[in-house]
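Notes for the one structure printed next.
Numbering of ligands and ligand atoms starts at 1, following listing order.
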Amino acid sequence: MSIPYGRQDISEEDIRAVCEVLWSDWLTQGPAIERFERIVAEYCGVRHAVAVCNATAALHISCLSLGLGPGDRLWTVPNTFVASANCGLYCGAEVDFVDIDPRSYNMDVGALSARLVQAEHSGRLPKVVVPVHFAGQSCDMAAIRVLADQYGFRVIEDASHAIGGRYRERPIGACEFSDVAVFSFHPVKIITTGEGGMVLTNRDDVADRLRLLRTHGITRDPAQMTLSAPHGPWYYEQVELGFNYRMTDIQAALGASQMSRLGAFVERRRSLANRYDQLLEGMPVIRPHQIPDAHSSWHLYVIQIADGWSSRAEVFRRLRDSGILVNVHYMPVHLQPHYRKLGFGTGQFTVSERYYERAISLPLFPALSDDQQTEVVQALKTALQ
Ligand SMILES: *Cc1c(COP(=O)(O)O)cnc(C)c1O
């Protein structure tokens, strides 16, 4: 039996919640969406939650809602899934990167600060910066907020890995230091809706635009209309160019049901991460470093192979051969062929590149048993020799 690196956890109760929607009057645009949004907003302590079809769409309309467009610049990290950068390209903006911190693997605030000084000189400051809470551990948001106020950029937290995590005792998604935060509900993430995403914000103006952009730019609210008067009860106006980025009620019902186990999921992930820390003690691997302000949701447990041992490729192959389906997060985005076409290349963000050469994500998900975890560590021991 092989052990995957991540797996969703679906209960009988989740299935019942989905079936109830299937028997109801609404499969989409019904009450389950609002309920799911309210549950997540209350959990995070944030004013608005807007559910959409996936986190990539959430990032896209977040950028648009903050006014990102042609001639603007978006900065993110290379050590992320491509969607964190692609959202800038969708808007016609220029994308650039800030390297990661070698210990936390999150955006290096010192590097961000240095690049901002240069960018100010050349008149090329970013409009939007997207810090990514890698593996579920928060970036240093207070420091990023200080720079945002100083240089006037907007902040989108890519919290795709991080629902259930905390920063300075408040849930990630509270948006205390950012304009918006985005969650993903893809099956490998902390909770799932099959496909799904959500944008959180405390800004009323941004929430209004997010809701418009999610459904074609169409409104039924007279206050948002631009023509003279409603022609009748059927009347709606398309006031800008939006998309069909809606989540279904089927998905939202699954999400709401999963939320009741979020605490337990994160607790189990944390306990498995602590156990990995102990079991890997003394082995030639670098374990994930945690900053004091953050409580990770532990989406991933990433190790780096220490120098002088088998190569990452070799260790990876041996683990896969023994049925441990490890993974790698991430090949730096600036090295993807599409970004090379835009002028990026090797040697530009060396911390991310070096990290990538040595990183392996070990299996981590709530249903991973202690015995399976021990098996993973045994296989790793053998693979390293
Ligand atoms: C998964 C992920 C996304 C995209 O999420 P989808 O819901 O699959 O669109 C974006 N950013 C990061 C960091 C992710 O891990």
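In the model, Ser369 has no side-chain atom that pairs as donor or acceptor with a side-chain atom of Asp371 under 3.5 Å. Judged by distance alone, the side chains of Glu13 and Ser257 never bring a donor and an acceptor atom under 3.5 Å apart. Between the side chains of Arg103 and His289, at least one donor-acceptor pair of N or O atoms lies under 3.5 Å.
Annotation: cation-pi geometry satisfied between Arg312 and Tyr356 (NZ/CZ under 6.0 angstrom from ring centroid, within 45° of ring axis).
When heavy-atom distances to ligand 1 are checked against a 4.0 Å cut-off, Ser160 comes that close only through its side chain, counted from C-beta outward. Counting heavy atoms closer than 4.0 Å to ligand 1, residue Asp158 contributes side-chain atoms (C-beta onward) but none from N, CA, C or O. Only the side chain of Tyr330 comes within contact range of ligand 1, with a heavy atom under 4.0 Å; no backbone atom does.
Contact between Gly197 and ligand 1 is absent, with no heavy atom of the residue lying under 4.0 Å from the ligand. Within the structure, ligand 1 lacks Ala58 among the residues with a heavy atom less than 4.0 angstrom away.
Against a heavy-atom cut-off of under 4.0 Å, Thr80 is close to the following atoms of ligand 1: 13 (C). Within ligand 1, counting atoms from 1 as listed, the ones closer than 4.0 Å to a heavy atom of Lys189 are 1 (C), 2 (C), 3 (C), 5 (O), 14 (C), 15 (O). Below 4.0 Å from some heavy atom of Ser84 lie the following atoms of ligand 1, by number and element: 11 (N).
Nearest protein heavy-atom contact of atom 9 (O) of ligand 1 is Thr56 OG1, 2.6 Å. Closest protein heavy atom to atom 15 (O) of ligand 1: His161 NE2, 2.7 Å.
Using bins of under 30°, 30° to 60° and over 60° for the plane-to-plane angle, the ring pair His334/Phe97 lands in the tilted bin.
Nearest to atom 5 (O) of ligand 1 by heavy-atom distance, out of Ala55, Cys53, Ala85, Gly196, is Ala55.
Residues His338 and Phe344 place their aromatic rings such that the two centres sit no closer than 6.0 Å. Separation of the Phe185 and Phe36 ring centroids falls under the 6.0 Å cut-off.
Residue Ser184 has at least one nitrogen or oxygen atom sitting less than 3.5 Å from a nitrogen or oxygen atom of ligand 1, judged on distance alone. Residue-to-ligand polar distances keep Val132 apart from ligand 1: every N/O pair is separated by 3.5 Å or more.
Summarising the local packing, CD of Glu34 is surrounded by 12 or fewer heavy atoms from other residues, nucleotides or ligands at distances under 6.0 Å.
Applying ring-ring contact (aromatic ring centres under 6.0 Å, His included) to His299 and the options His133, His161, His186 leaves one that passes, His161.
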